[in-house]
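Order of listing sets the numbers, starting from 1, for every ligand and every atom in it. All figures in this text were calculated on a predicted structure; none of them were measured in a lab.
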Amino acid sequence: MADESQKWVLMVTAQTPTNIAVIKYWGKRDENLILAINDSISVTLDPAHLCTTTTVAVSPAFNQDRMWLNGKEISLSGGRYQNCLREIRARANDVEDEKKGIKITKKDWENLHVHVASYNNFPTAAGLASSAAGFACLVYSLAKLMNVQEDNGMLSAIARQGSGSACRSLYGGFVKWVMGKEENGSDSIAVPLVDEKHWDELVIIIAVVCSRQKETSSTSGMRETVETSALIEHRAKEVVPKRIIQMEEAIQKRDFATFTHLTCADSNQFHAVCLDTSPPIFYMNDTSHRIISCVEKWNRSEGTPQVAYTFDAGPNAVLIARNRTSAALLLQRLLFHFPPNSETDLNSYVIGDKSLMEDIGIQDIKGIEALPPPPEIKDKVLAQKYKGEISYFICTRPGRGPVLISDDSQALLHPDTGLPK
Ligand SMILES: Nc1ncnc2c1ncn2[C@@H]1O[C@H](COP(=O)(O)OP(=O)(O)OP(=O)(O)O)[C@@H](O)[C@H]1O
Ligand SMILES: C[C@@](O)(CCOP(=O)(O)OP(=O)(O)O)CC(=O)O
């Protein structure tokens with residue numbers, strides 16, 4: 001039994017990756033449970049470059065559930081946080097820490113409060129799916145703290161209630177979110193297709209595009225699409241089911257040509273249904289379109305695709321290269337067309353796995369200025385440069401699923417007080 005006179009603090013820290021869909025989720029059949037109108041498939045991104053770290057703590061001294069996101073206290077009163085907390089608490093079990101002399105019974109969890117501190121190592125709410133990594137990490141770390149015995153599939157169904165795309169961040173590699181049929185959402189879970197080692201040649205470059213206006217959120221955007229688009233039903237019922245089968249096969253066989261065809265087509269169709277929404281939703285901007293043209297032209301000139309592109313609910317491009325050689329050639333093309341502003345430090349212009357910069361032998365801005373136009377561009381007009389249109393590039397790769405961090409020095413909460421460090 002937890003004794004309230006004791007002031008112990010028990011903590012768990014976990015790290016969870018983000019993910020990018022190659023067959024998109026867009027549209028819900030249940031807004032509260034977050035149930036999708038079609039299956040989706042994603043690739044998990046290497047947490048070394050994009051991840052959430054979350055520490056959760058319990059203590060009899062806490063008098064309410066509290067959360068700090070990137071150092072600032074935020075409210076946990078929203079329905080999505082409450083749904084995740086309730087579902088995890090309902091599955092809590094006995095916990096014993098002999099060394100600290102702590103014993104918490106299943107029943108105690110109903111009255112104990114938690115503190116949560118979370119940090120995203122990439123910009124929050126900037127179209128880089130922080131909500132996916134964030135809710136997956138919240139659910140995963142709470143489940144470990146409360147000794148929840150359910151597998152990651154069940155945890156994915158809980159993370160789904162925080163944000164749909166979060167369910168896919170419970171696994172590494174390529175992951176499918178099965179929409180399920182049940183009304184209570186019990187069969188709407190993520191399933192791992194292949195782990196991150198299966199297709200480890202792939203290299204991913206994210207172009208973070210400068211954008212002024214705040215886009216329509218995914219949540220409201222997809223609601224409006226379901227309510228007003230004449231195309232969305234055709235997409236969900238006729239197009240996606242076939243693409244899911246083809247995509248699973250392409251991933252199993254590491255068939256990059258089919259993978260690219262499906263990934264690009266699905267991204268473009270997702271943006272087409274956004275355009276078919278009333279009022280229309282524009283997530284991509286001119287820079288996004290320029291990136292698509294650059295990739296399409298290059299793929300065509302090579303005869304076999306070198307790079308797949310996909311865009312979520314924002315202008316940022318996620319570019320998946322077939323291997324390191326193609327990724328280096330892609331980075332050269334991107335730097336040629338989108339050189340940084342003269343005051344930009346190159347070190348912060350290409351981040352993540354910087355070794356790609358070594359591959360292309362570029363050390364400074366002068367090196368970028370000296371890049372020749374890509375050989376497939378014959379027309380001078382098409383060799384145009386768009387200085388400053390990209391904020392920065394992140395070089396990464398497919399990555400692993402959530403992990404526990406046992407090194408206490410990485411915890412975000414103080415071990416004695418349970419307050420942010
Ligand atoms: N680490 C985190 N832990 C818990 N919740 C988080 C975390 N990071 C983000 N969130 C939640 O996700 C919200 C941001 O989600 P939003 O969908 O607006 O942006 P995004 O996921 O970064 O971008 P997008 O969905 O366009 O890719 C935050 O306001 C917060 O509620
Ligand atoms: C375009 C997408 O990224 C949409 C993601 O939507 P969210 O998962 O952010 O939406 P909610 O479930 O309302 O939280 C495509 C995808 O990730 O599959």
Can you tell whether the side chains of Lys24 and Asp266 come within less than 4.0 Å, N to carboxylate O?
no
Using a 3.5 Å distance criterion without hydrogens, assess whether the side chain of Asn268 forms a donor-acceptor pair with backbone atoms of Cys264.
yes
Can you tell me which portion of [X] lies within the under-4.0 Å heavy-atom range of ligand 1? Options are side chain, backbone, both, or neither.
X	answer
Phe122	neither
Thr54	neither
Ile74	neither
Ser118	side chain

Under a heavy-atom criterion of less than 4.0 Å, does Tyr119 contact ligand 1?
no
Between ligand 1 and Leu138, can you find any atom pair, the residue atom being a heavy atom, that is separated by under 4.0 Å?
no
Atom CG in Asn38, atom CD in Glu238: separation rounded to 0.5 Å?
12.5 Å
Nearest 0.5 Å, please: how far is CD1 in Ile281 from OG in Ser229?
9.5 Å
Derivation of the side-chain contact (heavy atoms from CB on, under 4.5 Å) call for Glu150 and Glu87
CA-CA 12 Å; Glu150 272 84 354; Glu87 292 301 313; over 6 Å; no
Give the protein residues with at least one non-hydrogen atom closer than 4.0 Å to an atom of ligand 2, ordered by chain and number.
Ala21, Lys24, Tyr25, Trp26, Lys28, Ile34, Arg80, Ser163, Gly164, Ser165, Arg168, Ser218, Thr219, Met222, Phe270, Asp312, Ala313
Ring of Tyr140, cation from Lys144 - is the NZ or CZ under 6.0 Å from the centre and inside 45° of the axis?
yes
So do the side chains of Leu346 and Met357 get within less than 4.5 Å of each other, counting heavy atoms only?
yes
Between Lys176 and Ile244, is any pair of side-chain heavy atoms under 4.5 Å apart?
yes
Give the atoms of ligand 1, by number and element, whose distance to some non-hydrogen atom of Met67 is under 4.0 Å.
3 (N), 4 (C)
What class does the angle between the rings of Phe256 and Trp199 fall in, given that below 30° is parallel, 30 to 60° is tilted and above 60° is perpendicular?
perpendicular
